[in-house]
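Everything on this sheet refers to the single structure shown next.
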There are 2 protein chains.
Amino acid sequence: MSQLTIEDIARLAHVSRSTVSRVLNDHPSVRPEVRDRVWGVIKEHGYAPQAAARHLVTQRTRLIGVLFPRSNQYLLANPVYASIGQGVGQMCTRRGYLAMISLGLGDMEEKMLFNMLRSRHFDGIVLVSSESHDPLPFFLKEARIPYTRIGHDPEGDDEAFVDVDDTEAAYKAVKHLISLGHQRIAIIKGPAAEVCIPRRYSGYIRALQEAGLPIDPLLVAEGDWLHTSGKAGMEHFLQLEHPPTAVFSCNDMMAAGAMHAIYEQGLHIPEDIAIVGFDDVPQTQVIIPALTTIRQPHEEMGSKATEMLIDRLEGKDGQINQVIFSTTLVIRQSCGALRNDATREGLQHIAPIA
Amino acid sequence: MSQLTIEDIARLAHVSRSTVSRVLNDHPSVRPEVRDRVWGVIKEHGYAPQAAARHLVTQRTRLIGVLFPRSNQYLLANPVYASIGQGVGQMCTRRGYLAMISLGLGDMEEKMLFNMLRSRHFDGIVLVSSESHDPLPFFLKEARIPYTRIGHDPEGDDEAFVDVDDTEAAYKAVKHLISLGHQRIAIIKGPAAEVCIPRRYSGYIRALQEAGLPIDPLLVAEGDWLHTSGKAGMEHFLQLEHPPTAVFSCNDMMAAGAMHAIYEQGLHIPEDIAIVGFDDVPQTQVIIPALTTIRQPHEEMGSKATEMLIDRLEGKDGQINQVIFSTTLVIRQSCGALRNDATREGLQHIAPIA
DNA sequence: TTGTAAGCGTTATCAC
DNA sequence: GTGATAACGCTTACAA
């Protein structure tokens, strides 16, 4: 029943297949009467034009591929990617495109991935990557596949991207800790290969220097974004002769891990140690105590990147194609009492904790 | 440079396009010498056949669509779906297919979704749904789109599915609590529209009855799978004249919410109240105390469902097409000391908590 | 406003 | 082992 072609519909509606095609594509020059008759037949038989044939002739698929870092095993479980995906998906539906993400790319050789990309399944790509020297943007450019990037590598030459000012964000987080009176502030970094990490580190350094605080290499740990590495980093800090009184973690998951380590030592947050995260994933509101963190507007970043891509695909040129979003320090309970004028956006979402 | 067609490659390699096609598809009857020459040209120019043209002529896309419940806003953040997706993706790569999930389906009218499905983007669908009377399976059957379902509705007539024995799983969880001496055991259910919920509830009832314990309607709360609803349910229980000493939550997120409520009352887990979850998402090991829960083999369910689907697509018939996976009670810290012979699988993953 | 016909880039069926 | 040639199911000039 659903194997019908446009030809069959044409016959049933007593018109030519061009007319059916016009009806399908909302072409104006079809007599209303005919249009209705054709639609009737289409609906009656549950006909939908076959994507492949359409793609072949138009040379466009109206499909947008979303590429997350392949290294990330459980990428789907990462709420950061979920929010980005949410934004991408919304913009796509709004503009009449379909956003697709393909599973199992991590199990695939790079060659196969590249081939998949080259087969023109997608009109364009939203690339989520803050990896420095990521081969993907180079490949996409060489293969002339339009893309916009979420995150960017200053040493690459991404033409279109959205990102945040990581340096300023980290600076804001650390300054908050300083304003609360902390003098020994540790940092848990992410993988060095991510371009955002040196930036966040420099924000951390700048805040310390501005406050005239010493920079102690012992207070720097390198994590891998995962809970476990945050825990390990914190355990390391707690064994120091002079442990920190506050920690800035480069993402929320590692912050949660750090909190875990703190509890295991029988210490309290924020009384003994204050902690600031990064990202503002939904779980931060559920952790006890609720995590003070830097909010990145992931969803908007996803939709903006997608909008830029679609604009480009549709030839709407002369648009800005590099956007830096601003971050927000969201103050919850993990640093103790408020004593500064940091913005309080997000506070209304906080579940009160006894 | 990448706009080349098979025709161009043929010309450059001094062969016909049939030969290039044969090379591309590993057809045996090509002289090795010719084969190498053609491959050389292909690689040199970064040529890859255009998917649409291929799909049109073969009438197959080797693409498999994964459909998660549309109601789920942040579906991607749900680690259950992440694990399922992992399994689907792995099996697809193994069998030479590509698994795709499309974003923004939630913002889309059902009509549009159906049309998308009918356009034969996908050779088949892995449908993740335990919703009762879900319209999707009916649509897929009517549209003759092959699918396998993860979860199943006994009142529907899904031909191919994988699922778990929810009744037995819930029974196991509650029995564990009983074996630890609990007499007042509450349950936090999920949405009534999910077929697994009545099953889990009946497992709960059976365990209580077998132990000769009374069934108290006050000890039943209905949640919506989310953290907040687990918290609300627990708050309700804690206000009762005779609060429960143990809770069985129908998923891990609500269990975490319940723990939140318990802490807010200044109570302790497991000393004051014991708690068992369901699913065994990775976070259960990170919660404090680590959550005792029922493990569902999500990843295997995903890969099995996919294997069944692909077998069917490839005409490998006579296979079993309905598989019930077994669940495991994973004992961690949220119920206190072990006193029974429940299987200990998963214990090795547990981070010790002071 | 509608129909005819060409063509999109492949694979597959034939001959040779 | 290789090369013409005919589909595949659409969209889109161009005619009528």
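Remember, it's a predicted structure, so these values are computed and weren't measured experimentally.
The distance between the ring centers of H55(A) and H121(B) falls below 6.0 angstrom.
Annotation: ring-ring contact (aromatic ring centres under 6.0 Å, His included) contacts of Y97(A) (sequence neighbours excluded): none. Not counting sequence neighbours, the partners of E300(B) by the salt bridge (charged side-chain N to carboxylate O under 4.0 Å, His left out) test are R295(B). E7(A) pairs by the salt bridge (charged side-chain N to carboxylate O under 4.0 Å, His left out) definition with R17(A), not counting sequence neighbours.
A salt bridge does not link R94(B) with E307(B): none of the charged nitrogens is closer than 4.0 Å to a carboxylate oxygen. Of the charged side-chain nitrogens involved, none lies within less than 4.0 Å of a carboxylate oxygen, so that D163(A) and R149(A) do not count as a salt-bridged pair. At a threshold of 4.0 Å, the pair E33(A)-R31(A) counts as salt-bridged, since one of the basic side-chain nitrogens sits closer than that to a carboxylate oxygen.
Atom pair L56(B):CG and dG7(C):P shows a separation of 17 Å (rounding to whole Å applied).
A close approach under 4.0 Å does occur between a side-chain nitrogen or oxygen of T19(A) and OP1 or OP2 of dG3(C). Within the 4.0 Å cut-off from OP1 or OP2 of dG7(C), not a single side-chain nitrogen or oxygen of Q59(A) is found.
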Tabulated below should be each protein N or O lying under 3.5 Å from an N or O of nucleotides 10-12 of chain D; please produce it.
residue	atom	partner	partner atom	Å
dC10(D)	OP1	Y47(A)	OH	2.8
dC10(D)	OP1	Q50(A)	N	3.4
dC10(D)	OP2	I6(A)	N	2.7
dC10(D)	O5'	Y47(A)	OH	3.3
dT11(D)	OP1	N25(A)	ND2	3.3
dT11(D)	OP1	R54(A)	NE	2.7
dT11(D)	OP1	R54(A)	NH2	3.1
dT11(D)	OP2	S21(A)	OG	2.8
dT11(D)	O4	R17(A)	NE	3.4

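Helix-axis bend for the helix from dT1(C)-dA16(D) to dC16(C)-dG1(D): the local axis fitted to the five terminal pairs at one end deviates from that at the other end by 40°, rounded to 10°.
Using a 30° and 60° split on the angle between ring planes, F161(B) and H152(B) fall in the parallel class, below 30°. Using the six-membered ring where Trp is involved, F139(B) and F114(B) have ring planes that are parallel, under 30° apart on the 30 and 60° scheme.
DNA chain D is contacted by R31(B), V34(B) of residues 31-38 of chain B, taking any non-hydrogen atom closer than 4.0 Å.
A side-chain contact (heavy atoms from CB on, under 4.5 Å) with K304(A) is found for exactly one of L309(A), T148(A), V323(A), namely V323(A).
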